[in-house]
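Below is one structure; the comments refer to it alone.
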2 protein chains.
Amino acid sequence: MDKRTQIINTALSAFYQKGVHAVGINEILKGSGVAKKTLYNHFVSKDELICACLELRDQRFNQWLYEQLENCNTPFEVANALFGALSAWIDNEVSELGPFNGCFFINAAAEFPQSDHPIALLCKAHKESVLQLLFDKLSHTEQLKGQLEKSKQLAQLLMTLQEGMICQARVTHSSNTLLQDPMLLHQLIASSI
Amino acid sequence: MDKRTQIINTALSAFYQKGVHAVGINEILKGSGVAKKTLYNHFVSKDELICACLELRDQRFNQWLYEQLENCNTPFEVANALFGALSAWIDNEVSELGPFNGCFFINAAAEFPQSDHPIALLCKAHKESVLQLLFDKLSHTEQLKGQLEKSKQLAQLLMTLQEGMICQARVTHSSNTLLQDPMLLHQLIASSI
DNA sequence: CTAGAGGTAGACAGGTCGGTCTACTTCAGG
DNA sequence: CCTGAAGTAGACCGACCTGTCTACCTCTAG
C-alpha cells in the first residue's frame, strides 16, 4: 500500500471518530507510521488532507449505499432497504463504514461554517450525490417510471428522514426503530405517490 | 446587565456561528468587553461556559417552539406550525434564534464525540425535551387523546423530519419546501394515526 | 556505480490555545 | 472613612498546533 493511501486511511478514521479539529497532524503521522515530510509531500496542508478524506468517504459511502439498494425494484423496497441499511450502520454492523459516529459530512460541515469553504462544498456535494442516487433508484421503479416530479419528492422525503435518523442516532446514541416498521413505510410512500 | 449574562450572550452567538473549537476565550473577552479574570471568576473552564451556553440555548429554543405550537389543536396544525416555524428560522426570519447555522446541539455534539461528556449529555437532553414537547402537544389533541403510543410514534416521526430538515438546510444552504405542502403533511399524519 | 527521488526522524519556528497571576481600580455597605 | 468584593488590563506559563527544514538513509533506473 502506498504512503498516500496509508495516510488517508489513518486520517479518515481519526477525523471521523474524533472530529477534524480534535485530531492533529502528529497523531496522524504516528498512526500511519509516516514522516511529516512525506505527508507534506503528498498534501500541501491539513485542509487538503481533510478534503481527500471526504472524497474517499464519499466514494465508500456511495458505493455501500448503491449495493444496499441494488436489488430494489419498488419504492417500498428502496425505502425499506435504505432504513434497514442505515440501522445496521448505526448498530455497528457495517464494517466498511467503521464504528458509527454520525454522518462524517455533517460533522465536518459543523466544524467549517463558512459556506464557501472547500470542505463545506464537498459536504454539500456529497449530500447531492446521495439524493441523486435515491432519485435514480426511485425513478427507475415500475411505479414511478416517468414520474420525475413524484420521484424527486419521494427521494427528498427519504433523504430528510435519513438525515434525521442519522443525526438522532448520533446525539441520542440509540437507533430509531420507527422507520423500520413496514406498515408505516408503506403508508409514507403511499402518501407521496 | 450583569457580567455573567454578557459573557454567555457573546459566547453563545460566537459558538453557534463559528463552532465551539473555532472560538477562543480571548475572542469572547473582546466581544463582551470583560476581563479574563472576570470570566474565570464566573466559569471554572471553557467547557463550563459552553455548558451554560447550551442551557441558555435550550431554554430559548424550547420557549420559542412552545410559542409556535401554542394554538395548535390538531396533529395537522402541530405539524404545519412546526415545519412553518423551522422554515422561518432557516430563512432567518426568527430574530430570537439568531442567524441560522443549523442546530447548535448537533453542531456541538459533533465536536465532542465522547458520549459521556457533559456537553454531549446536554445535547442529548435538549433533543429529549423537544421530543417531549411535541409528544405533549400531540397527546392533548382531540384526535390523539389517550392514544399514547400513536402520539409517541407521530412525535418521533416529526422529530426525525425536523432533524433532517435542519441538517439538510445547514449543509445545502437551502430550505426544504417539501414539508410545507399541506397535502403531504395531511397524508403523513394520516399514515401515522 | 552512481545520481536522484523519495523516505525517516525529529528539531525548530511562529503562533494560538486555555488558564493563572499580579497590580491597579471602582464602588457599595457597615 | 474604610474594607473587601468584584472588575480591568494584560503579562505570563506550558502545552500544543501547523508547517519548514536539516541531515541522514534506501532503493531504483540508467
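The model shown is predicted, which means the values in this text are computed figures rather than measured ones. Order of the sequence lines fixes the chain letters, A, B, ..., with proteins taken first and strands second; residue numbering starts at 1 for each chain.
- In this structure, A:Asn41 atom CG and C:dG4 atom P are separated by 17 Å, rounded to whole Å.
- Per the geometry, NZ belonging to B:Lys3 stands 18 Å off P belonging to C:dT25, to the nearest Å.
- Counting any heavy atom pair closer than 4.0 Å across all strands shown, A:Asn26 reaches a base atom.
- Aromatic rings of A:His21 and A:Phe112 (six-membered ring for Trp) have centroids within the 6.0 Å cut-off, being under it.
- None of A:Gln162, A:Gln156, A:Glu163 except one satisfies the side chain to side chain donor-acceptor pair (under 3.5 Å) rule with B:Gln168; the exception is A:Gln156.
- Look at CG on B:Leu49: it is 13 Å from C1' on C:dG19, rounded to the nearest Å.
- B:Leu29 has its CG atom 14 Å from the C1' atom of D:dA11, to the nearest Å.
- A:Leu39 places its CG atom 13 Å from the C1' atom of D:dT20, with the value rounded to the nearest Å.
- Contacts of A:Lys37 with the nucleic acid, taken as non-hydrogen atoms under 4.0 Å apart, include base atoms.
- When all heavy atoms of A:Glu77 and A:Asn71 are compared, the pair lying nearest together is OE1-O, 3.6 Å.
- Put simply, A:His42 has no side-chain N or O that comes within less than 4.0 Å of OP1 or OP2 on C:dG6.
- The side chain of A:Lys36 lies closest to D:dG19 when the candidates are D:dG19, C:dA9, D:dA6.
- In this structure, of C:dG19, D:dG19, D:dT8, it is C:dG19 that holds the atom nearest to the side chain of B:Tyr40.
- A:Ile25 has its CD1 atom 7 Å from the C1' atom of D:dT18, to the nearest Å.
- Between the C1' atom of D:dT18 and the CD atom of A:Glu27 lies a distance of 14 Å, rounded to the nearest Å.
- If you check every strand for non-hydrogen atoms under 4.0 Å, B:His21 touches nothing.
- In this structure, A:Val44 reaches neither bases nor backbone, as no heavy-atom distance under 4.0 Å exists between it and the strands shown.
- Dashed line: the shortest gap from a side-chain N or O of A:Thr38 to OP1 or OP2 of C:dT8 is under 4.0 Å.
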